[in-house]
Protein chains: 2
Amino acid sequence: MIKCVKCEQVDSIMKAGYVRGKQRYLCKTCNYYFTHSEKDLSLPSAVKRKRHQTTIIDIAKSLGVSNSTVSRALHGHADINPETRQAVLDKALQLDYQPNQLAYNLVKSKTNTIGMIVPEFHNPFFPNVIIGAHEVLTKAGYNLTIMQSNESYQVEISNTKAMLANRIDGLLISLTQETNNFEHLGVFEKRGIPLVLFNRVCEQINVPKVVVNDFEASFLAVEHLIMNGYERIAHLGGPLNLLVSQERLRGYRAAMEKHGKIIEDHMIIQGMLTQQKARIYGQYLLDLANRPDAIFAVNDSAAIEIMLIAKEKGISIPDELGVVGFSDNPESAYIGPGLTTIRQPTHEIGRTTADWILQLVDDEDVILPDKKILKTELIVRGSSRRCVRGNTKKVRIQ
Amino acid sequence: MIKCVKCEQVDSIMKAGYVRGKQRYLCKTCNYYFTHSEKDLSLPSAVKRKRHQTTIIDIAKSLGVSNSTVSRALHGHADINPETRQAVLDKALQLDYQPNQLAYNLVKSKTNTIGMIVPEFHNPFFPNVIIGAHEVLTKAGYNLTIMQSNESYQVEISNTKAMLANRIDGLLISLTQETNNFEHLGVFEKRGIPLVLFNRVCEQINVPKVVVNDFEASFLAVEHLIMNGYERIAHLGGPLNLLVSQERLRGYRAAMEKHGKIIEDHMIIQGMLTQQKARIYGQYLLDLANRPDAIFAVNDSAAIEIMLIAKEKGISIPDELGVVGFSDNPESAYIGPGLTTIRQPTHEIGRTTADWILQLVDDEDVILPDKKILKTELIVRGSSRRCVRGNTKKVRIQ
DNA sequence: TTGTACGCGTTATCAG
DNA sequence: CTGATAACGCGTACAA
């Protein structure tokens, strides 16, 4: 009944399994495999689970035109008959056509998406930066994909890989405290994907960076303490492999030295300040025989923890202890007494990084400054004001 | 000079634009277009901007095998010679091969990405939900793309379109206060893309929802005020088209009625509470001839604004005015006196929505509850405690 | 065990 | 103005 497709033999045919619902045969004479499709046994289409999404081809078929015509009509390209265009547009609406961005991305090798990797989400700092960046990117028609490295170098690496695989058009990144090696960032350069660092930056890699004037801000904050009569000022700093921590420490030292204050080694503690650590370090400092009369902390959460410890110990703020933080978290304005702190222009940081990445995406040869240093503001509140009493004061830091 | 490719005519040739740097001609005799490439004018390859990224084909070529073999090797499929596999793997490393997720996505019609649309970023609520969702999704190997609708129905629609175009595998969404029409969400159902609503949900659409017990929480908060001897309790509520606002209002009413308190219409103000609005409404309430002796606000920012106004007016809290908020923002613990408020399990909300969407993505026929109602906690602080003085108290709300 | 050929949905190029 | 056709990079059914 069945004869070989090749040698037309009939006798030497044997069955050889099924292929896609069709019987498969082998001709033993010419050793040739073939299938014979007497009837399409494929199940009714109901089985087909994957929903069909209207494509450009569906429109083309139902209109009897080519897909290129549809594509042109959809994009309002020139050289197209207005009637044809309208017909396509109508049909697209009728068929509920939704362009497939994936296919577009594949062809264009572009995703219209900017990636952002942040180390943590617990302080309001990064969410606020996100707000700023989001605003600019959305306005420019870009999407923002956010990943969180959770202060882990390994997670950061896997994040960058995922970003790479997803072919983001540009990356905004703030490094983890663990990150000392930057090969994973070099890859972006190699691939021509622009990169902007912000806040947690490093010097080892040559890309634009957006930061604040950590040195000057810290300098002024400590000088402000000194002006208020504090003498023995301690510093609760962040991990020293972060440039921000280094800069803030440098500002502290410079102010102390300028005013001839002695810096005792045990009055400087650097490290990752979880709430628990802040409490441990704070207790240590305040239990010291010759305890500091002021503490400059690298962030507000730590500063507030200090204030709470002081209250528990009955140390009065600001008379017996001055406290200054960094970042101006919302709670800092409301705690009593208000926490003197340094306000960072978070939204502006976000807007600037976004603005830069867009410029780089648009034209990879654009010349951008190495670094943008945004200005902070010293917000003077009750926690550090021994001399004058009054309302919150603001000092713009150049 | 130029003759027609077809009819070999010379005289009837006219120029007809350029194609890819080449002159294009039209033969008027035979009405035939053609180009004549006397010299390739294309610029040296240096102009070619697009960098080549190693593909599976590059590996295949340099190894002299087929791309399917490479694909199989890369995915550890069965039926492949271990040596071949190793060779491919080595070559991939050597050539710094990075899989192109876009192409993969296109073929698979799947992106391994969950989308999330939130109405705003200003309160810590949504960032915290994001932390929770992010945690679960990352662990499951999914990416999270976040968009912000900025409380605008139009932006929400364009966000959902972008999500659709990007072929996310599932969507987590919290609606804007303007959203009254839900067609843009129906589309997802039609496309078989699972959806989970959280916080700002609606009843008109039949998808799983994750919320907190707003009614019970509000009821208890108001009852707590009543127990502390407050009589004339006002409510500063959110926009009434939000279910959360309705529920919180309902809780307020129920508690008032249960305890036989009169609800005066002008003591209830509903609306979008920007800081400015909170101030206006707060001033109005506190300037009333027969002003309220307590205010239950729909969020902490509004409650804190009330406290500030009261301070300015010299109204003492909690003696002359009790205040209760909602959400337990960080600042609420630190303001003096501490703000009594209702803590929402933000991380858990995020984790739950993420968990659900993953189940739905995994199996679209999985049966999930209509709604998950998470428990809140009443955090009693100084702003509402007339009777007893002491530390913060917590009440788990069932 | 491996190779061939096609499909995924678009855009761009080029020919008519 | 319109249609064919080749990419884009990968997965996989089918053939050998």
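Note that the coordinates shown come from a computational prediction; the quantities given were computed from them, not determined experimentally. In the text below, chain A, chain B and the rest are named by the order of the sequence lines, each starting its count at 1.
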Sub-3.5 Å donor-acceptor pair from the side chain of A:S68 to the main-chain atoms of A:S66, do we have one? no
B:N81, nearest nucleotide to its side chain (from C:dT2, C:dG3, D:dG11): C:dT2
Taking B:D58 for its side chain and B:T55 for its backbone only, find out whether a donor-acceptor pair lies under 3.5 Å. yes
Could you check whether A:R191 pairs with B:D96 (Lys NZ or Arg NE/NH1/NH2 to Asp/Glu carboxylate O, under 4.0 Å)? yes
Contacts of A:S71 and B:A103 projected onto DNA chain C by closest heavy atom; the upstream (5') one is B:A103
Rounded to whole Å, OH of B:Y97 lies from P of D:dG9 at a distance of 10 Å
What is the separation between atom CG on A:L102 and atom C1' on D:dG11, rounded to the nearest whole Å? 15 Å
Calculate the interatomic distance between A:Q98 atom CD and C:dT10 atom C1'; express it in whole Å. 15 Å
Protein-nucleotide distance (B:I57, atom CD1; D:dC10, atom C1'), rounded to Å: 8 Å
Given C:dG3, D:dC1, D:dG9, which nucleotide is nearest the side-chain atoms of B:V65? C:dG3
Would you say B:N81's side chain and B:E83's backbone share a donor-acceptor pair under 3.5 angstrom? yes
Tabulated below should be each protein N or O lying under 3.5 Å from an N or O of nucleotides 4-6 of chain C; please produce it.
unit_1 : atom_1 : unit_2 : atom_2 : d
C:dT4  : O4     : B:S68  : OG     : 2.8

Main-chain N/O of B:N112 paired to B:D169 side chain as donor or acceptor, under 3.5 Å: yes
Using modelled atom types only, decide if a donor and an acceptor are shared between the side chain of A:T353 and the backbone of A:L172 within a distance under 3.5 Å. no
Any donor-acceptor pair under 3.5 Å from B:E156 side chain to B:L175 backbone: no
Just the rounded figure in Å: distance from P of D:dG11 to NZ of B:K110. 14 Å
B:K108 has its side chain closest, among D:dC10, C:dT10, D:dG11, to D:dG11
Backbone of B:S152 reached by a side-chain donor or acceptor of B:S149 within 3.5 Å: no
Side-chain N,O (B:T84) to OP1/OP2 (C:dT2) below 4.0 Å: yes
d(CG, B:L95; P, D:dG9) in whole Å: 14 Å
Using a 3.5 Å distance criterion without hydrogens, assess whether the side chain of A:N100 forms a donor-acceptor pair with backbone atoms of A:L102. yes
Overall bend of the helix from C:dT1-D:dA16 to C:dG16-D:dC1 (five pairs an end, 10° steps) is 50°
Distance test, side-chain N/O of B:Y104 to OP1/OP2 of D:dT12, below 4.0 Å: no
Polar side-chain atom of A:T138 near backbone of A:H134 as donor-acceptor pair, under 3.5 Å: yes
In this structure, how many angstroms lie between the P atom of D:dG3 and the CD1 atom of A:I56, rounded? 12 Å
Quick note, A:L106 side chain, CB onward, closest among D:dG9, D:dC10, C:dT10 is D:dG9
Spacing of A:R191 atom CZ relative to D:dG9 atom P, expressed in whole Å: 12 Å
